[in-house]
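Counting convention: from 1, in listed order, for ligands and their atoms alike.
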Amino acid sequence: MRAWVVGSTAPVDSGPLVRVEREPPEPAAGQVRVRITCCGVCRTDLHLVEGDLLPRRPGVTPGHEIVGVVDALGPGTSRFAVGERIGVAWLAHTDGSCRYCRRGDENLCVAPLFTGWDVDGGYADACVVDEAYAYRLPESLADEAAAPLLCAGIIGYRALQAAAVPPGGRLGIYGFGGSAHLTAQVALAQGLRVHVLTRGAHNQALATELGADSVGGPTEAPPEPLDSAILFAPAGELVPVALRALDRGGTLAVAGIWLSPIPALDYAAELFEERRLRSVTANTRRDGEEFLLLAERLGVRATTTAYSMDDAPQALADLAHGRFGGAAVLVNATVH
Ligand SMILES: [Zn+2]
Ligand SMILES: [Zn+2]
């Protein structure tokens with residue numbers, strides 16, 4: 001099979017991804033093998049190939065928004081049948097025994113494994129996954145539409161929960177890429193007022209098309225104070241901007257795995273009056289199951305730009321340079 005691997009980390013335009021030919025992986029006990037039809041391109045993949053996130057092992061295959069068909073079963077598996085379509089997401093394994101796992105916060109596990117970081121991911125013809133960490137996918141969604149839900153969608157959903165927007169409340173969304181455009185759909189369907197603050201003509205147009213109550217630039221003040229905000233852009237300088245836009249008692253949730261440095265905060269203007277600042281770290285499987293159910297029920301639809309699996313470096317470069325709106329998806333033509 002063919003697979004893309006991170007050669008040595010470098011700016012995306014200088015070619016950090018390398019194509020290799022290797023034997024398909026054999027599923028171990030508790031694992032199934034997936035013949036990959038699509039893999040979404042997440043900003044985390046870009047942070048990984050560029051070295052903002054250090055690869056946890058050499059030559060790892062990125063990609064953690066994987067849709068494919070089960071084509072081999074490891075010993076002791078029972079959840080899926082050969083031929084069944086499943087999804088593979090970021091959380092690949094947890095120890096199940098640390099204090100965080102035991103209290104239900106497996107996203108905070110002290111010994112987690114992540115798809116496309118610790119274990120080989122979806123920029124390839126096939127991968128293996130622990131069956132307990134895979135997802136059934138809503139039948140109404142085509143492969144390409146389902147892929148971005150698996151990280152962008154799930155993490156955005158967790159960030160929306162973390163932002164604790166009151167019913168009917170006012171939500172600010174800073175940055176409007178793959179994750180934000182899915183989260184905005186959930187928020188709007190739930191009756192929230194949504195103000196999008198983003199750069200990029202593609203992103204602003206998509207926000208308008210999806211029905212945002214207002215759309216402006218990232219440092220503009222929204223038209224009304226916000227009960228809650230989510231920062232999707234990996235831009236620490238927007239933390240004080242978003243905090244200033246919050247009403248008293250408001251919450252800012254930072255959704256990304258990586259953020260550029262946050263400037264010094266002005267306590268009186270940006271944190272006092274019980275404004276809260278919190279991060280979002282990975283997700284639990286329950287977040288994933290809840291979001292996929294909700295996405296089907298609310299008709300959440302990913303806006304996607306398809307690339308051939310052969311063009312993975314181009315897709316990452318286009319993400320880095322903001323050349324498309326919504327989410328990029330690698331389509332593996334050889335297995336369709
Ligand atoms: Zn744990
Ligand atoms: Zn991701």
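- Note: W117 and W90 have parallel aromatic rings, judged against thresholds of 30 and 60 degrees for the angle between ring planes.
- The shortest side-chain heavy-atom distance between L108 and T281 falls under the 4.5 Å cut-off.
- If you put the vertex on the Zn ion (ligand 1), OD1 of D95 and SG of C98 sit 120° apart, to the nearest 10°.
- Angle SG (C101) to the Zn ion (ligand 1) to SG (C109): 110°, rounded to 10°.
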Quick one: do H93 and Y133 satisfy ring pair (Phe, Tyr, Trp, His ring centres under 6.0 Å)? Show the steps, please.
-> CA-CA 7 Å; H93 189 77; Y133 290 80; 5.7 Å; yes
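- With the Zn ion (ligand 2) as the vertex, atom SG of C151 and atom NE2 of H64 span an angle of 110° (nearest 10 degrees).
- V128 places none of its side-chain heavy atoms less than 4.5 Å from the side chain of V32.
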